[in-house]
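Some notes on the structure that comes next.
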2 protein chains.
Amino acid sequence: MAEKNPIPKRERILDSAEALFAEHGYDGVTLRQIAKGAGVDVALANYHFGKKLDLFQAVFERRAAHLNESRIEALHACQAKAGKKGPSVEQIIEAFLRPLELAQETGDDGWRHYLALIAYINNSPYWGPRMMSQLFDELVQEFISALKKALPKARDEDIYWCYHNLSGALTLTLANTGRIDKLSRGKCSSDDFQAAYDHMIPFTAAGFRKVCASRS
Amino acid sequence: MAEKNPIPKRERILDSAEALFAEHGYDGVTLRQIAKGAGVDVALANYHFGKKLDLFQAVFERRAAHLNESRIEALHACQAKAGKKGPSVEQIIEAFLRPLELAQETGDDGWRHYLALIAYINNSPYWGPRMMSQLFDELVQEFISALKKALPKARDEDIYWCYHNLSGALTLTLANTGRIDKLSRGKCSSDDFQAAYDHMIPFTAAGFRKVCASRS
DNA sequence: CAGACTATTCAACAAGCGTTGAATAATCAA
DNA sequence: TTGATTATTCAACGCTTGTTGAATAGTCTG
């Protein structure tokens with residue numbers, strides 16, 4: 001019995017590449033592995049996407065706009081709700097993070113792989129400077145200026161260092177390495193995204209307040 | 001004029017491998033690149049270390065013991081100084097982090113590369129579970145039990161999630177991607193390790209207190 | 001100095017790599 | 001049904017990879 005709506009091969013290549021790049025990094029994956037994972041011939045990746053590096057780029061571009069939009073929407077929504085005095089630190093961080101939790105919580109493995117891939121490039125000295133800026137700087141700057149309003153006494157550099165810590169905590173959560181499971185001997189599960197974010201939000205918000213609330 | 005104490009070639013291979021693995025990951029580096037960086041023939045890596053994977057392991061083993069010892073010593077020192085009631089959260093985190101700052105601050109690039117390599121495996125879904133546990137679990141468990149004493153009301157899972165956030169913030173700092181420089185347009189420098197840790201310690205300590213101090 | 005052992009290089013291997021041009025199949029417009 | 005366009009596979013290329021065995025140089029022991 002033939003499948004009515006088979007996933008197009010072009011899409012399956014992106015899915016396969018996404019999953020494998022997230023697990024093994026750019027150099028740890030061959031086009032033949034990607035093709036095999038997608039059930040297509042190796043030359044098809046070249047036909048649709050060009051060189052290996054272009055395929056890598058295409059994997060990012062597929063979901064980038066959607067992700068940034070939902071995060072910006074979350075920020076604007078919480079700003080609208082907060083009124084003139086602006087949202088609190090917790091509310092801003094919540095808007096920054098919750099769309100990612102939702103993406104990780106969908107049954108769709110694609111989003112999990114995509115976010116692990118983001119974690120991979122953010123932590124990579126090679127890819128980080130090349131790719132993170134063009135993907136997220138505009139978004140991040142908007143969150144940072146919201147944080148500045150919520151923490152009017154903070155120095156700029158304090159805000160940036162705090163954001164750096166937030167970004168690191170988030171990145172490890174996105175990477176989803178399962179190490180917290182081992183360390184806690186089962187008391188925490190990497191797949192329990194809600195628990196991860198429910199802890200990350202007050203943790204980082206308290207950090208911002210402590211470092212940024214008062215001038216030295 | 002001949003150099004009196006040339007660095008042995010075996011050591012130079014480790015140095016070169018350390019630097020290249022940290023920048024490009026395991027699969028992003030070839031033995032020929034490593035050999036060229038060390039100024040030796042490609043077969044020499046095999047002679048001294050065996051397979052590529054064994055060289056990778058050897059890079060970790062060279063500095064692991066020294067690093068763990070200095071961190072354990074820092075913990076014991078702060079415990080001795082704190083007396084019977086035990087050190088504070090800040091003091092424990094400081095003991096956990098400062099030895100890394102010192103290692104990054106030495107003029108020696110080797111330690112910087114090594115710590116960036118730790119960041120690479122900690123964030124990698126492939127290497128993380130395979131390598132981090134055997135390198136650091138014993139050390140981490142000792143810090144966690146010290147944190148439990150400093151936060152007697154905390155639930156175990158809260159401590160572990162907070163540690164997860166601490167580990168993430170630290171990891172991004174070790175990776176030293178230079179992204180904070182771009183984002184802050186020069187107000188923060190990734191090479192200003194003291195500033196990084198001076199912000200990270202109160203940030204994460206406040207997070208622990210907030211999440212762990214009181215039961216819900 | 002002889003000899004043994006270690007360190008290092010040389011040359012080559014089979015396997016796998018990204019990439020390509022031509023051939024075939026599928027889709028769609030007229 | 002034709003013809004044109006797109007999608008997909010096939011077969012192969014030149015190159016690089018990790019690894020190895022034999023050859024050479026260096027170092028220490030007696």
Side-chain angles (χ1 to χ4, degrees), chain A residues 1-62 117 120-121 124 126-127 130-131, chain B residues 1-62 117 120-121 124 126-127 130-131:
Chain A
M1 175 174 5
E3 182 64 51
K4 264 289 183 55
N5 271 337
I7 300 170
K9 298 196 171 181
R10 196 191 123 100
E11 212 74 9
R12 297 212 314 253
I13 292 172
L14 286 172
D15 292 338
S16 176
E18 190 172 57
L20 288 165
F21 283 144
E23 172 88 2
H24 297 101
Y26 180 77
D27 298 294
V29 175
T30 77
L31 289 171
R32 286 172 169 83
Q33 290 176 280
I34 292 171
K36 175 175 266 188
V40 303
D41 185 86
V42 65
L44 194 58
N46 242 275
Y47 171 74
H48 281 299
F49 302 102
K51 316 254 165 195
K52 184 185 183 185
L53 193 61
D54 298 323
L55 170 58
F56 193 60
Q57 276 283 147
V59 169
F60 284 97
E61 280 160 16
R62 177 168 57 156
L117 195 50
Y120 161 70
I121 63 162
S124 156
Y126 180 78
W127 295 109
R130 283 171 171 73
M131 303 201 60
Chain B
M1 164 173 19
E3 182 62 52
K4 264 292 181 55
N5 271 337
I7 300 172
K9 298 195 171 183
R10 196 192 123 102
E11 213 74 9
R12 297 215 309 257
I13 293 171
L14 285 172
D15 291 339
S16 175
E18 191 171 56
L20 289 165
F21 283 145
E23 173 87 2
H24 297 100
Y26 179 77
D27 298 293
V29 175
T30 78
L31 288 172
R32 285 171 170 84
Q33 290 176 276
I34 293 171
K36 173 174 266 187
V40 303
D41 186 87
V42 63
L44 194 59
N46 242 275
Y47 171 74
H48 280 301
F49 302 101
K51 316 255 166 193
K52 185 184 182 185
L53 193 61
D54 298 324
L55 169 59
F56 193 61
Q57 277 281 151
V59 169
F60 284 96
E61 280 161 15
R62 177 168 61 155
L117 195 48
Y120 161 69
I121 63 163
S124 155
Y126 180 79
W127 295 109
R130 283 171 172 73
M131 303 201 61

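Throughout, a chain's letter reflects where its sequence line sits, starting with A, and its residues are numbered from 1.
Proximity of A:L55 to A:L14: side-chain heavy atoms (C-beta onward) are separated by under 4.5 Å at one or more points. The shortest distance between side-chain heavy atoms of A:W127 and A:Y120 falls below 4.5 Å. Taking the side chain as every heavy atom from C-beta outward, A:D54 and A:K51 approach each other to under 4.5 Å. Side-chain atoms of B:L53 and B:Y26, non-hydrogen and from C-beta on, do get closer than 4.5 Å to each other. Side-chain contact between A:F49 and A:Q57 is absent, with no heavy-atom pair separated by less than 4.5 Å. In this structure, the side chains of A:L117 and A:F56 come closer than 4.5 Å at one or more pairs of heavy atoms.
Look at CD on B:E11: it is 13 Å from P on C:dA7, rounded to the nearest Å. Rounded to whole angstrom, the span from the CZ atom of A:F56 across to the P atom of C:dT19 amounts to 14 Å. For B:K9 and C:dT6, the NZ to P distance is 18 Å, given to the nearest whole Å.
The residues B:R62 and B:D15 are annotated as salt-bridged, a charged nitrogen and a carboxylate oxygen being separated by less than 4.0 angstrom.
Phosphate contact (OP1/OP2 of D:dT6, side-chain N/O of A:H48, threshold under 4.0 Å): absent.
Residues A:S16 and A:Q33 come closest through the heavy atom pair OG-O, 4.2 Å.
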Heteroatom pairs (N/O) under 3.5 angstrom, protein to nucleotides 20-24 of chain D:
from	atom 1	to	atom 2	distance (Å)
D:dT20	OP1	B:K51	NZ	3.0

Identify all pairs in which a protein N or O lies below 3.5 Å from an N or O of nucleotides 14-16 of chain C, and state each distance.
none

